[in-house]
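A quick write-up on the structure given underneath.
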Amino acid sequence: MPSLRQLFTSALLAATAAHATLVNDFTCESDSNPIVFLHGLGATWYEDLNYMQDWFQLQGHCTYAKTYGAYEGFPFVGGLKAINESAPEIADYINEVIEKTGASKVNLVGHSEGAFQSLYVPKFEGVSDKIDKIVAIAPPTHATTFANLYDLAYIAGNLSRAIVGDVLDAVGCAACNDLGPDGPAIERLNDGNPIAQPGNTLTIIASKHDELVTPTTTAFVHESGVNNIWVQTTCPLDPVGHIGEAYDLNVWNLVKNALEDTPNREFICLLGSPGK
Ligand SMILES: *[C@@H]1O[C@H](CO)[C@@H](O)[C@H](O)[C@H]1NC(C)=O
Ligand SMILES: *[C@@H]1O[C@H](CO)[C@@H](O)[C@H](O)[C@H]1NC(C)=O
């Protein structure tokens with residue numbers, strides 16, 4: 001008879017194997033909109049929001065993600081291209097998900113640069129009518145004053161700092177320039193016309209302890225109908241920083257409440273993950 005431990009291990013292996021075949025599966029069926037996840041600077045589809053993607057997939061959502069903004073020859077470091085070059089890639093992917101799943105709308109969940117794109121793409125790429133809910137985690141909406149934006153490129157990934165450094169030396173980081181104070185993409189997003197597009201429900205989630213997207217209030221979109229929330233309003237003791245936001249169960253639960261339209265659903269706050 002197998003021990004409890006063996007049973008547990010085989011259940012875990014089965015779940016992991018199931019996961020690998022479940023995400024990005026265009027035959028997946030769900031009552032809710034497909035969720036498209038948008039990773040941060042320097043990351044890829046399989047790193048940054050991948051654990052959150054698994055979590056939603058295992059709860060009956062159909063989830064999709066693709067690396068955007070990577071240069072040819074450097075596929076392991078995404079999000080480096082200028083915002084306006086990555087944005088059409090993301091719009092194409094949204095259209096692809098719509099087409100292949102047969103859904104009429106998708107939901108978007110983005111982190112960091114991906115969160116910025118979840119605001120930028122609907123506004124400028126003509127796909128807002130294909131999007132229902134948007135949850136943006138720590139977007140540098142009004143720029144970040146964080147001194148060394150290049151550090152954002154090191155936030156995720158299985159690559160060493162040296163490798164990422166070599167890639168940055170080779171291709172630069174147009175997105176970094178775009179997201180700093182007076183960056184071209186920042187100015188364009190904040191051109192005086194609303195950020196939230198008709199028909200889109202927008203939730204912004206930020207942590208008071210975010211050390212890379214600063215000041216932390218830069219994330220919020222002050223327009224009627226936009227739900228701006230601090231992680232700490234619900235979970236006051238969560239010390240989560242910028243990178244940890246992608247891996248923090250409290251954040252995941254806040255995203256779930258926004259996507260499932262259950263803003264008052266209670267969950268048990270865990271201590272959370274500190275910045276790095
Ligand atoms: C895209 O943004 C960059 C700045 O990051 C700018 O130099 C370029 O002119 C823009 N391209 C278009 C087509 O708007
Ligand atoms: C990073 O992960 C990807 C996907 O698993 C893999 O193809 C790539 O070789 C990895 N890179 C390094 C440097 O380990």
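We're numbering straight along the sequence, starting at 1. All ligand and atom numbering here is 1-based and tracks the order in the structure.
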Best match, Ile83, Asp178, Asn84: closest heavy atom to atom 12 (C) of ligand 1:
Asn84
What class does the angle between the rings of Phe220 and Trp230 fall in, given that below 30° is parallel, 30 to 60° is tilted and above 60° is perpendicular?
perpendicular
As a test of the contact definition, would atom 9 (O) of ligand 1 count as having a protein heavy-atom neighbour under 4.0 Å?
no
Show me which atoms of ligand 1 lie under 4.0 Å from any heavy atom of Pro184.
4 (C), 5 (O)
Is Asn190 reaching over with its side chain to a backbone N or O of Thr141, donor-acceptor style, under 3.5 angstrom?
yes
Look at the aromatic rings of Phe56 and Phe37 and report parallel, tilted or perpendicular, splitting at 30° and 60°.
tilted
Can you pull the salt bridge (charged side-chain N to carboxylate O under 4.0 Å, His left out) pairs that have at least one residue in residues 61-90, sequence neighbours excluded?
Lys81-Glu89
